[in-house]
Trainee: 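Please read through the structure below; I'll follow up with questions.
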Number of protein chains: 2
Amino acid sequence: MNDAAATLARSGPTSANIADWIRTQIRSSRLVPGQRLVEVDIIRQTGGSRFKVREAFQRLAAEGLVEIEEFRGASVRGASEDEVRQLYQARALLEGMCARDFTVRAGAEDRKKLARLALEMEECVDSNSPEKFSRLNSEWHKLLMRGAGNAVIEDLVKRLSTPVHHLLFGTFYKGDRLREAVEDHRLIMDAIEAGDPEAAEAAMRVHVEHGHRFLSKLERAVHND
Amino acid sequence: MNDAAATLARSGPTSANIADWIRTQIRSSRLVPGQRLVEVDIIRQTGGSRFKVREAFQRLAAEGLVEIEEFRGASVRGASEDEVRQLYQARALLEGMCARDFTVRAGAEDRKKLARLALEMEECVDSNSPEKFSRLNSEWHKLLMRGAGNAVIEDLVKRLSTPVHHLLFGTFYKGDRLREAVEDHRLIMDAIEAGDPEAAEAAMRVHVEHGHRFLSKLERAVHND
DNA sequence: AATGACAATATTGTTGACGATATTGTTAAA
DNA sequence: TTTAACAATATCGTCAACAATATTGTCATT
């Protein structure tokens, strides 16, 4: 039994576990922006103590995911359209840099793994399995950043991504978007394999910008319900 | 009396105040990497309650500024050479983008303010006042990002900067570095005033990279003591 | 029925006490 | 003198009770 499991067994989830749980709820839009996070509810659903729940709130507040008001507790913070734009611009720059670095610096194993992930994702389009695609996609982006030797950037991008991913879950991934993403990935992989860092960076920027556009369209569609 | 002051008066500093205080201590290297942050000490020095101090720790941990180990509490987290490299690369990209956006989007007042700040900083070189220079410099960078309409990026860059600024304080700012920075700023201002966003972005990247080199030199010098 | 004052409840903020763990100091044996 | 075992202290993690505030419900008045 590892440490985490041991801790879990003797005294319920840790504050980090609870924070993760909340993050997941937000990403899957079981918790929507503006919604209040009542301590007792979280306690019931996670089994954590009140103290740990509050610690989790603090961490999430520092990440900008929730907002804490005096005597009103924590609530899910939504991002405005302009904030989303800035976040995606930042991502485009940072991931673009990673694509460039990966082209130059990555080891042989990471290159192979990245190619294999891309292939698996292509298969997901045919078999129409958006959840698997979503998971592989996260893996792919993470591997690209870490393989480029930029773990700090990876962490940063993760933080940037959380507050806007509440729409990109499960059934929302339609066939068109999947095909577009696969096409983008192929361009990036080609550039990497050709050893062309400039092209890899440019292609990655385009890819992230595509994601932004797709999200904007989605939000407009939801808004016009 | 504003809200913050009122709160302060009736019940001591808030957890955000304490977090700020700790951040300042770290930046001014009164707290150095590896050093443990003993709760009682912080309580004595800030007047906050233990609960609030711990909340502050959680926030700082989420920002990556301190590390929390079980039963050993919080300690200041130092950045490795490679982490510093990644942080500066991210800054170069993000601030470069802001310089570009400022050139295109900034209002007339912000442009004027930015130019005035740059002038004041030039005077600081002659009068040899590094603390004032440092303050104005922060102002200048902040204004550039906010004037570009990228407040989220500004916040992000602030977080990126904190863990590495412990050396760039007070007397470390030598005349050479000041002159170099002023020269960089002048190039950036020229590009902005000429309405050349590409040049502004490029000049800003160079400027940040200069800052990185300077810091590296400093660390090597300190290390060889 | 609509509105405002007031009470009841729900929720959060704060404090203090207690147990758990790490760190330091002490002593005795090799 | 050095080291290992043990005790003492310092520090941290957790919890439960209480205080402060917000929210909701009720009732009388218009």
Side-chain angles (χ1 to χ4, degrees), chain A residues 1-22 25-26 31-63 65-77, chain B residues 1-22 25-26 31-63 65-77:
Chain A
M1 189 188 282
N2 60 18
D3 284 1
T7 304
L8 194 68
R10 76 159 172 274
S11 64
T14 158
S15 61
N17 295 143
I18 298 173
D20 271 342
W21 183 84
I22 297 174
Q25 299 294 106
I26 293 177
L31 291 174
V32 299
Q35 184 167 349
R36 281 180 64 178
L37 293 141
V38 179
E39 292 175 356
V40 185
D41 292 345
I42 314 281
I43 291 170
R44 276 204 210 101
Q45 298 184 64
T46 62
S49 70
R50 195 176 160 214
F51 183 79
K52 288 173 182 166
V53 169
R54 302 202 63 183
E55 277 192 338
F57 284 174
Q58 285 294 327
R59 293 195 84 107
L60 295 170
E63 289 173 22
L65 215 67
V66 310
E67 201 173 13
I68 297 183
E69 290 170 290
E70 185 146 36
F71 298 112
R72 300 204 50 212
S75 52
V76 181
R77 213 178 81 87
Chain B
M1 189 189 278
N2 60 18
D3 282 1
T7 304
L8 195 68
R10 76 159 171 273
S11 65
T14 157
S15 62
N17 295 143
I18 298 174
D20 270 342
W21 184 84
I22 295 174
Q25 298 295 106
I26 293 176
L31 292 174
V32 298
Q35 184 167 350
R36 283 180 62 177
L37 296 158
V38 179
E39 293 175 356
V40 186
D41 292 345
I42 313 283
I43 292 170
R44 277 205 208 100
Q45 297 184 63
T46 64
S49 69
R50 190 173 164 217
F51 183 78
K52 288 173 183 167
V53 170
R54 301 203 60 178
E55 279 192 337
F57 284 174
Q58 286 292 328
R59 293 194 83 109
L60 296 170
E63 289 174 23
L65 214 68
V66 311
E67 201 173 11
I68 297 184
E69 289 170 292
E70 186 146 33
F71 299 113
R72 299 203 53 213
S75 53
V76 181
R77 214 179 80 86

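The model shown is predicted, which means the values in this text are computed figures rather than measured ones. Chain identifiers are assigned alphabetically (A, B, ...) following the order of the sequence lines, protein sequences preceding nucleic acid strands; residue numbering begins at 1 within each chain.
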Trainee: Would you say C:dT14 has OP1 or OP2 under 4.0 Å from some side-chain N or O of B:Ser49?
Mentor: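 So the side chain of B:Ser49 is outside the cut-off, no N or O lying under 4.0 Å from OP1 or OP2 of C:dT14.
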Trainee: To the nearest 10°, let me know how far the axis at one end of the helix from C:dA1-D:dT30 to C:dA30-D:dT1 is tilted from the axis at the other, five pairs an end.
Mentor: 10°
Trainee: What distance separates B:Glu63 CD from B:Arg77 CZ, expressed to the nearest 0.5 Å?
Mentor: 12.0 Å
Trainee: Could you give the CD-to-C1' distance, from A:Gln58 to C:dT12, as a whole number of Å?
Mentor: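 The distance from CD of A:Gln58 to C1' of C:dT12 comes to 13 Å, rounded to the nearest Å.
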Trainee: Identify each atom pair where a protein N or O and an N or O of nucleotides 10-13 of chain D are less than 3.5 Å apart, giving names and distance.
Mentor:
unit_1: D:dC12; atom_1: OP2; unit_2: B:Glu39; atom_2: N; d: 3.3
unit_1: D:dG13; atom_1: OP2; unit_2: B:Arg54; atom_2: NH2; d: 2.5
unit_1: D:dG13; atom_1: N7; unit_2: B:Arg50; atom_2: NH2; d: 2.7
unit_1: D:dG13; atom_1: O6; unit_2: B:Arg50; atom_2: NH1; d: 3.1

Trainee: Would A:Asn17 and A:Thr46 count as a side-chain contact (heavy atoms from CB on, under 4.5 Å) here? Give the steps.
Mentor: CA-CA 9 Å; A:Asn17 295 143; A:Thr46 62; over 6 Å; no
Trainee: For the residue pair A:Leu37 and A:Val76, establish whether any side-chain heavy-atom pair is separated by less than 4.5 Å.
Mentor: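 Yes, close enough: below the 4.5 Å cut-off.
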Trainee: Can you list everything that forms a side-chain contact (heavy atoms from CB on, under 4.5 Å) with B:Ala56? Sequence neighbours excluded, please.
Mentor: B:Ile18, B:Ala19
Trainee: Can you list the residues that meet the salt bridge (charged side-chain N to carboxylate O under 4.0 Å, His left out) rule with B:Glu39, with sequence neighbours excluded?
Mentor: B:Arg50, B:Arg54
Trainee: List the residues meeting side-chain contact (heavy atoms from CB on, under 4.5 Å) with B:Asp41, not counting sequence neighbours, and say none if there are none.
Mentor: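 Expected list: B:Val38, B:Arg44, B:Gln45.
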Trainee: So, using salt bridge (charged side-chain N to carboxylate O under 4.0 Å, His left out) as the criterion, who are the partners of B:Arg59 when residues are at least two apart?
Mentor: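 Once residues adjacent in sequence are excluded, B:Arg59 has no partner under the salt bridge (charged side-chain N to carboxylate O under 4.0 Å, His left out) criterion.
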Trainee: Taking atom OG of B:Ser49 and atom CD of B:Glu55, what is their separation to the nearest 0.5 Å?
Mentor: 8.0 Å
